[in-house]
Amino acid sequence: MTSAVPSVQMLVITKRFPGVLANDHIDFSANAGEIHALLGENGAGKSTLMNILSGLYHPDQGDIHIHGRRVALRSPRDAISLGIGMVHQHFMLVEPHTVAENVTLGLDEPRFLLNSGQIEQKIAALSEKYGLKVDPEARIWQLSVGEQQRVEIIKMLYRNADILILDEPTAVLTPQEARELFATLKRMAAEGHTIIFITHKLDEVMAISDRITVLRKGRVVSTVFTSATSKQELARMMVGREVFFQVTKSPWRGGQAVLRVEAARALSDKGLPALKGVSFAVHEGEILGVAGVAGNGQRELAEAITGLRPLTSGEVYLCDRRITNQNPRQILDQKVSHIPEDRLGMGLIPNLSLSDNLILKGYFAPPLGRGPFLDQKAIDAHCRELISRFEVMAPGPDSSVKLLSGGNLQRLLLAREISCCPRLMVAVHPTRGLDVGATEAVHKMLLEQREEGAAILLISEDLDELLSLSDRVAVLYEGEIMGIVPAQGAQVEEIGLMMAGTKRARPAEVAA
Amino acid sequence: MKLTLRLERRLTPSRALGFLIPVFSIVLALCFGAVLLAAVGKNPGVVYQKMFSGAFGSRFGLTETVVKAIPLMLSGLGVAVAFRMLLWNIGAEGQLQIGAFAAAGVALAFPQAPAVVIIPAMMLAGFLGGALWASIPAALKAKLQVNEIITSLMLNYVAIYWVEYLVYGPWRNPKGYGFPGTAPFSPAAELPRLGTSRVHLGLLFGLVAALCLYFILRRTKWGYEIRVIGENPTAARYAGISLTRNILMVMALSGGLAGLAGMSEVSGIIHALQRGISPGYGYTAIIVAWLAKLNPWAIVVVSFLFAGLLVGGDQLQISMGLPAAMSNILQGAVLFFILGGEILVRNRISLTWEK
Ligand SMILES: Nc1ncnc2c1ncn2[C@@H]1O[C@H](COP(=O)(O)OP(=O)(O)O)[C@@H](O)[C@H]1O
Ligand SMILES: [Mg+2]
C-alpha cells in the first residue's frame, strides 16, 4: 500500500437505532490506493457505517481518524472538506438542472468568478481522465441512471474528494455499465484515491476489491485480502453458515399457455407510456423471468396483469379467457396470485394482525366468510395451519405484522399467495432485501409451485436469481421486450446488451 | 456543550403509558385551565369543585350529564367509523341537524300516528336524513376526489341555516308567540323517559349503536374491509376491495348515526324542531371520537366525561358568572394535551449533552 497511515480509520464505532444496534463496536480502516469492499447482507449496517463516515449520522460512540488525524464530523460539509465523498444508494441530484449546475451546487466558491465555460472544462477534464462519459450541459432528467451515477461521482471528484464511498452502486446498472464503473474505480485507486465499495454481491467483490471487510448484524466478522479468500468463504462469513449457490430443478415438462399478454400498452403513474406493446406467454409449470434495470416497466407489467393498472390497448388472457382490464377481485378469483414489489406498502397491512393479513384475499368467500360475517373459527384454523406450514416465526396469529423481520414478512405474504393454489403467480422482486437464508426459502417455494404446475412470472433485478430459477428470460427495456432467451446456456453478455436497449436479432425464439 | 432533545420512535407503544399518559394529560389540562382561572381572578379549586359537583354531584346534574352524553355518543360513534377508514367527516353537526329535521317532518306530518309506528318512522327518517346528507361529500369524494373535510364542514352551515329557515318561516308554530320553532309533536312522537328525569330512550340507541359498531368492525366482512382500508388503502385496492362502495357506505352509516342523534334530541328532549337544537354536539363528537381512539366502548365512556364537562361548564356560568367560553377552553386544552401526550406513548424522549 502507498502509505503507512491508513487514510480512513474508524475505531469502535457504535450506532444504535430504535430497536436495533446498527453498528456494534466496529473497527474499520482503508488505505489510499485500495479498493476496499464492505460486504454484508441487507441490514448488516454497511450504509449506517458509511453514513457516519460521510457525516450524515453521528455515532453514539467511537472515533474517526482521517489520514492519521482525529476528526469530528458534524455534517456532510465537514466530511467533504476532509475529502470524503459518498455516492448514495438514492441519488441526490436536482432533476431540472444541468449536470454542471448539479456538480457545483452547494459549493462555497462564488459562482460568478468561475464562468460556466471553466466549470464545464473542469468537468470535461475529470470525465476524460476517469472515463466518466457525460454531457455537462445535459439536464439530469434526460440522463439514464448510469449517467446520473457518473454525475454523482464527478460531483465528488470536483470537490477534490480523495476518499470515495459508493453505496451499492451496481444495483441500478446493467452488467456492461457495471464493468465500466469498475474500470473507472480501478483508475481512481491507481491515482491514490481510497475507494470504499458497499455491496452484498459476492461476484463483484471478487472482481474488483483489494481487501474486504465483512459485516454481519452490525459487527465486523473479518477483514481479508481478496486474493486470499473465496466466494464460498465470504458467503459463510456473511451469513454465518454454509451456503449452497446451486438450485436444482427438473426440466420443463411442457404445457398449455396459462398467461398470454398481447401487445399490451399501459401508462406509468406520471402518465407516460410505460409498456409499449409487450407480448409474451407463460406456460404451466414454467417460470418466465423478466430481467431489466429497475424502472423499465416491470412494476407496470405486473400491475397490468393483476388488474391494478388499466391497459390502454392490447389484451391479457388467462387460460384463453380474456381478463383484460378486469378488476383485481375478478382476477384474483381466477387463482392469480401477486407478490408485489412493495411488501409492506401494498402486499401487507403492517398494523393489523397476522391473521387479518392472511385472510386478505379470501375473507369474502366460504370457508372464511359466511354471509355478511367472518367465520372466526375457520379463520383461526386457516391461519394456524398456514403459519406452521410456511414456518412463519411469530408469537401467534394475533400479533401485529409490523414486528416481523423481512424474511418472515415474505414468508407470510407467500403463505397467503400460495394458499389459493395459484394457476398464475406474478412475483415482483420476491427476494429483494432478504438475507441469504430467506432467499433460499423463497426460491424453494417458487420452485415448488412450478412443480405443482403453476405458471410463474418472476420479475427480478438479480440476474443470477433469474438465470437459476427461470426456464426462459425476457428482457424489458423502456417498456419493450428486447428478446426472450432460454435460461439454460444464456449469455450474461447478451442479456446485458438487451438490458441496455439492444434488441435481439430474432431467430425463432419468440414462438415458445 | 449543547443540550439536545431527541425523539425516538418506540417499536411497540407502551401499554401502561397508554393509560397513564392520558390521565396525566388531563391533569395538565386542568392545571393550564387553573392558570387561566386564576388570571381572571377565580379560585381554580373552587371552580373545579363546583364544576364537578355540578356535573356529577347531584341527581339533577348526573341525569343532565347523561342527557348530554346521548348525542355525543351517537355522533361520536358516527364520526369514529368514518375516521376508521381515514374519511375525515367533519360534518356530524350538519348531519345531526338534517336528522332532526327529517324526524320532525315525520312527526309533524302524522300527528295521529301511534307511538309504535311514529317512533320507528322518526328513527328511520332521522337516520336516512343524516345518511343522505353525508352522502353528498361521500359521492363527491368517491367520484371526483373532492376533499371531504371541506365539503362536509361547509354542509354544516347549509344544514343549520336550512333548519333556521324552516323554524322562522314555513314551519313556524302559528301559536308560538313568534318563537322560532315548530308546533310541539304529538305525545306519541316523544321518546319515553326514565322516571321523572330527562334521560330518554336515546341512551339505549347509543349503547346499542356502540355494540353494533363493535360487532361490525370485529366480526363482519364489511368491518374487515373498513379496517383494511383505514390501515392501508393500497393493500385494499390490491385485494380488490372497492373504495368507492365503502366510502359511500361508511359515510352513510356515519351520517346516519349523527342523524339519529338529531332525532333523539328533538324526540327525546325538545319535542319540536327549534333553532339551536345542538350546542355543537357534532363538533365535540370529533374530539370525543379522537380521544377515545375510535374505539366504540371508549367513546361511550368519553361521551359521559365530556358531557360532564359541558354540564359543569353551564354550572360555572350560572353560579359563578364565568363566560361559557371557559368550558370550551377547557375542552380544547384537554384535547391539546392528550394529543401532545400521544407523542410520549409512541416515542421515547432522550435528553443528551453533545460536544
Ligand atoms: N435512519 C434509521 N432509522 C432507524 N433504523 C435504521 C435507520 N437506518 C438504518 N436502520 C436500521 O439499521 C440496520 C442497519 O441498516 P443499514 O446500515 O442500512 O444496513 P445495510 O446498508 O447493510 O443494508 C437495519 O436494521 C436498519 O433497519
Ligand atoms: Mg444499505
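Reminder, nothing fancy here: chain letters follow the sequence lines and each chain counts from 1. All of these numbers come straight from a predicted model, not from anything done at the bench.
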If I take atom CG from residue A/L275 and atom OG1 from residue A/T312, how far apart are they, to the nearest 0.5 angstrom?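 Going from CG on A/L275 over to OG1 on A/T312, the span is 8.0 Å.
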Roughly how far, to the nearest 0.5 Å, is CD1 of A/I52 from OH of A/Y57?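 A/Y57 atom OH to A/I52 atom CD1 measures 9.0 Å (nearest 0.5 Å).
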Chain A neighbours within residues 133-151 of chain B, where any heavy atom lies under 4.5 Å away: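 Under the 4.5 Å heavy-atom cut-off, nothing qualifies.
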Pull out the residues in residues 223-238 of chain B that come under 4.5 Å of chain A, heavy atom to heavy atom, sorted by number.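 If one takes a 4.5 Å heavy-atom cut-off, the residues of residues 223-238 of chain B near chain A are B/Y224, B/E225, B/R227, B/V228, B/E231, B/N232, B/T234, B/A235, B/R237, B/Y238.
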Would you check if the side chain of [X] reaches a backbone N or O of [Y] as a donor-acceptor pair within less than 3.5 Å?
X: A/K402; Y: A/L352; value: no
X: B/R219; Y: A/L374; value: no
X: A/N408; Y: A/M393; value: yes
X: A/K15; Y: A/H58; value: yes
X: A/E417; Y: A/H338; value: yes

Tell me, side chain or backbone of [X] under 4.5 Å from chain B's heavy atoms, or both, or neither?
X: A/L308; result: both
X: A/D333; result: neither
X: A/L368; result: neither
X: A/R416; result: side chain
X: A/I331; result: neither

Under 4.5 Å from a heavy atom of chain A, the part of B/I241 involved: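 The answer is both parts of B/I241.
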Test side-chain hydrogen bond (donor to acceptor under 3.5 Å, both in side chains) on B/S254 and B/N89 and set out the steps. CA-CA 8 Å; B/S254 176; B/N89 177 16; 2.8 Å; yes
Pairwise ring pair (Phe, Tyr, Trp, His ring centres under 6.0 Å) hits with a residue in residues 399-430 of chain A, at least two apart: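 Sorted result for residues 399-430 of chain A: empty, none.
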What residue, out of [options], has the most heavy-atom pairs lying under 4.5 Å from chain B?
options: A/S400, A/G307, A/P350, A/P340; answer: A/P340
options: A/G369, A/P372, A/P328; answer: A/P372
options: A/D356, A/N327, A/L332; answer: A/D356
options: A/T306, A/I359, A/N357, A/L344; answer: A/I359

Set of side chain to side chain contact (heavy atoms under 4.5 Å, CB included) partners for A/D24, sequence neighbours left out: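 By the side chain to side chain contact (heavy atoms under 4.5 Å, CB included) rule, A/D24 matches A/L21, A/R219.
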Is the shortest side-chain N to carboxylate O distance from A/R16 to A/D60 below 4.0 Å?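 No, no charged N to carboxylate O under 4.0 Å.
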Any Lys/Arg nitrogen of A/D342 or A/R299 sitting under 4.0 Å from an Asp/Glu carboxylate oxygen of the other?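 Salt bridge absent between A/D342 and A/R299.
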Within 45° of the ring axis of A/F373 and under 6.0 Å from its six-membered ring centre, is that where the NZ or CZ of B/K221 lies?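 Verdict for A/F373: no cation-pi partner in B/K221.
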OH (A/Y317) with more than 12 external heavy atoms under 6.0 Å: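 Yes, enclosed.
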